[in-house]
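For the single chain, residues carry numbers from 1 onward in sequence order. Values below: every heavy atom of this structure, side chains too, minus hydrogens, waters and symmetry copies. Given the structure is predicted, the values throughout are model-derived calculations rather than measurements.
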Amino acid sequence: MELCFNRIRKDLCMPAQNMHFPAADLGEYVQSWERAHCLVMQGGQGEVKHWAFNDPPKREGKYVDCPPSPAEYRRLGTRIVDLHPMTMIQNARTSGGGVVQNVPGQALSVDRRRHGRRERYRSGRPGSTITPLGCA
């Protein structure tokens, strides 16, 4: 809260009853998308090419030699993901005051089916982001 909502002027902040944060219960998290009407989803592509914390799977197990195919990757559902170190660094730089150890090492992903349940998607784009390389 202190890195986002606590920085918004109180007269501009949304009511507390309208703020919803996911817990580690994936079933409840996925169902929350079915109960809501999402007008705008804010996001952007991370430096390791993630979207909504869909970081690439670790190179272990069946992915030790080769990452999942694009078709297999698109079928991955909402899940708890281990964040790539570059994702953690990016989030620390852009949202965490530069303090990497305050960035959680895991996140809940937003799978492709949930991405489709919105009217608009607002994305950081090269040229409109904070670095000369176009990375958010």
Side-chain angles (χ1 to χ4, degrees):
M1 292 289 287
E2 72 267 4
L3 294 176
C4 182
F5 294 104
N6 289 350
R7 293 178 179 214
I8 300 171
R9 277 189 4 222
K10 297 301 177 204
D11 60 314
L12 298 176
C13 198
M14 74 174 79
Q17 68 266 23
N18 293 343
M19 291 188 213
H20 305 282
F21 299 96
D25 179 352
L26 291 179
E28 172 62 26
Y29 179 54
V30 169
Q31 286 194 0
S32 72
W33 285 89
E34 304 303 322
R35 292 190 305 268
H37 180 78
C38 183
L39 296 175
V40 179
M41 181 182 284
Q42 168 69 37
Q45 187 175 39
E47 294 169 3
V48 294
K49 306 307 177 205
H50 75 260
W51 285 92
F53 295 112
N54 275 304
D55 279 36
K58 286 184 176 181
R59 286 297 191 95
E60 60 188 20
K62 70 181 194 174
Y63 303 123
V64 70
D65 295 320
C66 187
S69 70
E72 183 181 359
Y73 193 73
R74 286 190 295 269
R75 286 192 303 271
L76 294 174
T78 296
R79 63 205 182 282
I80 297 173
V81 296
D82 292 321
L83 298 181
H84 189 282
M86 288 298 298
T87 299
M88 295 173 66
I89 292 167
Q90 175 184 345
N91 284 320
R93 187 182 71 247
T94 62
S95 308
V99 185
V100 177
Q101 65 266 26
N102 288 351
V103 176
Q106 293 184 313
L108 297 179
S109 69
V110 178
D111 74 66
R112 292 179 50 84
R113 291 166 293 220
R114 307 307 150 218
H115 274 261
R117 298 186 55 85
R118 51 40 179 170
E119 290 186 19
R120 289 184 54 217
Y121 186 83
R122 184 181 182 286
S123 176
R125 297 172 306 285
S128 66
T129 52
I130 65 168
T131 71
L133 299 175
C135 301

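- Under a hydrophobic-cluster definition in which Ile, Leu, Val, Met, Phe, Trp and Tyr are linked whenever side-chain heavy atoms come within less than 4.5 Å, directly or via other members, Met14 and Ile8 are assigned to the same cluster.
- Transitive grouping of hydrophobic side chains (ILVMFWY, heavy atoms separated by less than 4.5 Å) keeps Tyr63 and Tyr73 in distinct clusters.
- Atom-to-atom distance recorded for Gln106:CD and Arg79:CZ is 12.0 Å, nearest 0.5 angstrom.
- In this structure, CD on Glu28 lies 4.5 Å from CZ on Arg35, to the nearest 0.5 angstrom.
- For the atom pair Leu108 CG and Thr78 OG1, the distance stands at 8.5 Å (nearest 0.5 Å).
- In terms of heavy-atom proximity, Gly77 sits nearest to Ser109 at O-OG, 3.7 Å.
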